[in-house]
Amino acid sequence: MAKVAIMSYIRRKSLVHELTGTTKLVFFLLWSVAAMVTYDTRVLLCMLAGSYAIFKISKVRFREVRFVLGLAAVFLLMNNLFVYLFSPEYGVGLYGSRTVLLTIAGPYTITLEQLFYHFNMTMKVVCVVPVALLFIACTDPSEFAASLAGIGVSYRIGYSVSLALRYIPDVQRDFTNISQAQQARGIELSGKDKFWTRIKNSAAILLPLVLSSLNRIETVSNAMELRGFGKKAKRTWYVQRKFQKKDWIAMGLAVAIIALDLLITFWDGSRYYNPFIG
Amino acid sequence: MNSPIISFQDFGFQYTAQAEPTLYGINLDIYPGEKVLVAGSSGSGKSTVASCINGLIPFAYPGQSTGKLLVDGKEVKESSIFEMSRTVGTVLQDTDGQFIGLTVGEDIAFALENECVDQEQMKLTVDEVSRLVDIDHHLQHAPHELSGGQKQRVSLAGVMVDEVKVLLFDEPLANLDPAAGKNTIELIEKVQERTEAAVIIIEHRLEDVLWRSVDRIVLMHEGRIVADQKPEELLCSSLLTEHGIREPLYLTALKYAGVTVTPGMRPAHVNSLLLSDEQKEMVKTWYQSEARSQVTPGKAEPLLQVEHLTFGYQQGKNTLEDIDFTVHKGEMISIVGRNGAGKSTLAKLVCGFELPVSGRILLEGRDLANDTIRERAERIGYVMQNPNQMISKPMIWDEVELALLKTEMTEEERRERVEETLKICGLYPFRKWPVSALSYGQKKRVTIASILVCRPQILILDEPTAGQDYFHYTEIMEFLVELNRQGYTILMVTHDMHLMLEYTPRAIVFSEGKLLADTSAAHVLNSPSLVEKANLKETSLYTLSVSCGIEDPQAFTERFIGYERKEAR
């Protein structure tokens, strides 16, 4: 069967892999907050360098995550486009000056300020995406539930993530089987049919798929209850790794980064680093 | 005598959603260390009994119960499903569906995690239990890397971590190939010796369970217990056959030969069976008097030819390698072999769902390489194992008509074709019914009808009788025989040795992607080396004929089948 999984765990030996899931999750969350809060270009540039460094340390190769990165780039581009279409003068208001580079039509001009705003906005995403990717690519799926529980999320929610990971391949296999059998009866999903027919055709695959998935859910929920799931307010985890010195260091680093980030960003009373009014 | 671990006292149960009770007046005591087989046909209430014992009833499936049910001395109604799970460990039928963890180790540890057991202790217990069920070398493996039998071992280990007092197996053999089923029965015995738990096996495949001895057989029919006896006694009566359970083949053979089976002959197992010289002589005489069944049909013209077919899902790893065989018009063939041997892949290649790396598939001498799935489907019909995965319309008529909507046929022509097909499949009286009102076996017919409506020349069926009791098994198979008689060529992928022996003269055996044998079914099952390589199981007829001193076990088997088919008519 063709590998449909877009993003999955990449087993490798690296410092990033060796951290516990909880550490990686905390680091990722703090890192995201840090990037979201600041519009300070200097901070963002530093974080970008940091992002790149972590990516190198993880030993994940670029081509292994190429597809997801591409996807992120497309979304980022669209995001930029819409921001520009709806408020082409946002940067001007923000930075308090107006340096017109080019006039397109009507209200749409390109100003240096607007460009700088877009640059910062893009940087924020570029800083976060690699870290988010690494969290997924370097955390053993078995550890997800435990790491969520580690930051205080209810284990029931954590475990449903784990179950989804467990059953997605099965459902994919069901889907392949069902759609092949339906194709044999003339139900095509791709190609020449009209859009509306294709929608109707996909219902022919969805009905059996939903029914068989419901069956799976009943079986697994019975199996879980029969083995005492949900009996106690807490549970332990077979795969959870012990916190080591490097975990504490990584977490400390994350806290330091966000503290420094806040400090530099709000030093002069504004989230925005403004090179225009010197 | 110590007190029973499970005690049904005049117990009855009715599901909330149903109009009639499912169980009536059940009286049954099971003692610690006992091994009990609960047998019965579909709808006999045996699965409901299992759900009562593990607490799914009343905690997951509500309903009205009467009388008393005590588990470990406690009234179930006043307990909870969690408390029950400490006493009763259940291995469910669906080996794949009940696998909860992402790896073997996690799955085994699941119950311990819920108990908040410390991680170090947990690892020790998992190691110990996994060694006991012989899965300790696979702790890091994901479920899709395991065979059905291995998954079942994991499930068993997962309930054993709790040191339960009762081990409950709900149709443990349903999803396994014959050899894996045999191993399961051996494993259950080994585990019971170590743990001294009471073992309850719910199963309708009697002969396979009796591979290792059981203390008692509880026979159920329509919600009642009709027999609760030692196997030796029950096997000598006619109760089993009367209630839709197939008795072991060797006993049927003895009865055909006129031998009266008594408990003293130790009939529970073919290897323990004691036959006097006189009785052996009776078997021999019967054998010589029967004509050998006709297994060599006149060679018809070739219909489907597979030539040097090679295929792999991943590069460099072939699922099928250099497969060569020819199917003639009007044949009925079994395709057998262990799980993952490439049987289903072969079916997919023939249907065009996958494309071969090399080799050709010819239909009536024409290469199919350039035909689409749709074009092939007009001549080769494929019926999946699980009808619920095929049926996509709520009404029977619409479901059967579906494939015709894409053709050039007029409405009138379509109506005629659907009516005709429904008649062939015995579904005409139900033509206006919704699919949901049908039984599993009837749904299976609907799926066959929905394929037959295109009038294919070949039907390929994946496990046509999986999970069916003897009655429904016979019903489906007789239907297929009838289709075969009408000229349809039929290929079946199966694990069922009885099916292969009784219904298909020819068998194609796969092992690890290679075609191992292409010969008569009786020959396959009477050849120990083939049986072993393909993970099959020799029939008890083979053992019986050897112990009676018959030189040609294959001929004996063929005669038995011939006699049986004659009797059936």
Side-chain angles (χ1 to χ4, degrees), chain A residues 1-3 140-142 144-146 155 159 162-163 165-167 169-170 173-174 176-188 203-209 211-212 215-242, chain B residues 54-56 59-60 81-82 85-86 89-90 92 94 96-103 105-106 109-119 122-123 126 143-144 155 158-159 162 313 348 351-353 373-374 376-377 381-382 384 386 388-393 402-403 405-407 450-451 454:
Chain A
M1 206 158 311
K3 274 256 184 281
D140 190 330
S142 303
F144 268 123
Y155 73 80
Y159 216 89
S162 205
L163 273 185
L165 291 170
R166 156 73 182 87
Y167 285 99
D170 287 12
R173 198 165 42 236
D174 281 354
T176 314
N177 286 339
I178 293 170
S179 72
Q180 283 174 344
Q182 300 296 29
Q183 275 177 47
R185 298 204 287 163
I187 298 176
E188 294 277 359
I205 292 172
L206 281 182
L207 181 77
L209 187 68
L211 289 182
S212 68
N215 247 332
R216 268 183 204 288
I217 292 171
E218 189 187 337
T219 309
V220 76
S221 66
N222 280 345
M224 288 171 77
E225 280 203 33
L226 285 174
R227 286 158 72 186
F229 186 79
K231 176 157 59 172
K232 298 195 172 169
K234 284 194 146 183
R235 79 199 290 276
T236 47
W237 305 87
Y238 179 73
V239 285
Q240 195 167 35
R241 269 183 285 178
K242 289 236 164 58
Chain B
N54 62 29
L56 283 177
F59 301 111
I81 194 160
F82 301 135
S85 74
R86 300 302 299 269
T90 314
L92 297 169
D94 184 347
D96 194 49
Q98 67 184 309
F99 200 112
I100 305 165
L102 287 159
T103 62
E106 281 170 77
F110 187 73
L112 298 173
E113 293 179 327
N114 295 327
E115 279 297 322
C116 285
V117 173
D118 173 69
Q119 199 184 42
M122 190 144 67
K123 300 235 163 174
V126 168
H144 64 87
S155 306
V159 299
D162 258 344
Y313 286 105
K348 288 187 169 189
C351 296
F353 297 161
I373 294 180
R374 177 78 191 121
R376 292 186 201 209
Y382 176 61
M384 294 169 80
N386 181 353
N388 295 328
Q389 288 200 345
M390 280 188 84
I391 297 176
S392 57
K393 297 277 173 189
L402 186 63
L405 296 177
K406 281 278 158 177
T407 59
S450 71
I451 296 300
C454 292

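- With chain A as the partner, the residue from B/K393, B/Q98, B/E115 showing the most heavy-atom pairs under 4.5 Å is B/E115.
- Contact of the A/R227 side chain with the B/T90 side chain is not registered, since no non-hydrogen atoms from C-beta on lie closer than 4.5 Å.
- With a 4.5 Å cut-off on non-hydrogen atoms, A/E218 touches chain B through its side chain but not through its backbone.
- Top candidate by heavy-atom pairs under 4.5 Å with chain A, chosen from B/S450, B/G381, B/G352, is B/S450.
- Between A/A203 and A/P208 the shortest heavy-atom distance is O-CD, 4.5 Å.
- If you measure heavy-atom distances from A/D170 to chain B, the contacts under 4.5 Å come from the side chain alone.
- Aromatic rings from B/F99 and B/F110 are positioned such that their centres are separated by 6.0 Å or more.
- Aromatic ring centres of B/F82 and B/F59: separated by at least 6.0 Å.
- Neither the backbone nor the side chain of B/T407 has a heavy atom closer than 4.5 Å to any heavy atom of chain A.
- Interface check for chain B: of the options A/K232, A/K242, A/R216, the most heavy-atom pairs under 4.5 Å are formed by A/K232.
- Between chain B and the options A/Q240, A/M224, A/K234, heavy-atom pairs under 4.5 Å are most frequent for A/M224.
- Looking only at side-chain heavy atoms (C-beta outward), B/I391 and B/M384 stay at 4.5 Å or farther from each other.
- Contacts between B/R86 and chain A at a heavy-atom distance below 4.5 Å involve the side chain alone, from C-beta outward.
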Before you tell me yes or no, could you show the steps for A/N222 and B/L56 under side-chain contact (heavy atoms from CB on, under 4.5 Å), namely the whole-Å CA-CA distance, both residues' side-chain angles and the distance that decides it to 0.1 Å? CA-CA 7 Å; A/N222 280 345; B/L56 283 177; 3.5 Å; yes
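- For chain B, the nearby parts of A/S162 are the backbone and the side chain; heavy atoms of each come within less than 4.5 Å.
- Most heavy-atom pairs under 4.5 Å with chain A, from the set B/G55, B/A60, B/S155, B/P143: that is B/P143.
- Options B/I100, B/L112, B/I373 differ in how many heavy-atom pairs under 4.5 Å they form with chain A, and the most are formed by B/I100.
- Residue B/N386: no heavy atom, backbone or side chain, is found under 4.5 Å from chain A.
- Looking at A/L163, only its side chain comes within 4.5 Å of chain B, counting heavy atoms on both sides.
- Counting heavy-atom pairs under 4.5 Å between each of B/G89, B/C454, B/C351, B/G105 and chain A puts B/G105 at the top.
- Put simply, OH on A/Y167 and CD1 on A/I217 are 10.0 Å apart, with the number rounded to the nearest 0.5 Å.
- Each of B/Q119, B/M390, B/R376, B/E113 has some count of heavy-atom pairs under 4.5 Å with chain A, and the biggest count is that of B/E113.
- For A/E225, the parts lying near chain B are the backbone and the side chain together; criterion is any non-hydrogen pair under 4.5 Å.
- Nearest heavy-atom pair, A/S212 versus A/I178, reported as atom, atom and distance to 0.1 Å: OG-CD1, 4.5 Å.
- The contact between B/L92 and chain A is made entirely by side chain atoms (from C-beta outward), counting heavy-atom distances below 4.5 Å.
- In this structure, A/Y159 and A/W237 have parallel ring planes: the angle between them is below the 30° cut-off, well short of the 60° mark.
- Within the 4.5 angstrom heavy-atom criterion, no atom of B/L405 approaches chain A.
- Contact check for A/L211 versus B/N388: no side-chain heavy atoms found under the 4.5 Å cut-off.
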Steps toward side-chain contact (heavy atoms from CB on, under 4.5 Å) verdict (A/K231, B/I81): CA-CA 9 Å; A/K231 176 157 59 172; B/I81 194 160; over 6 Å; no
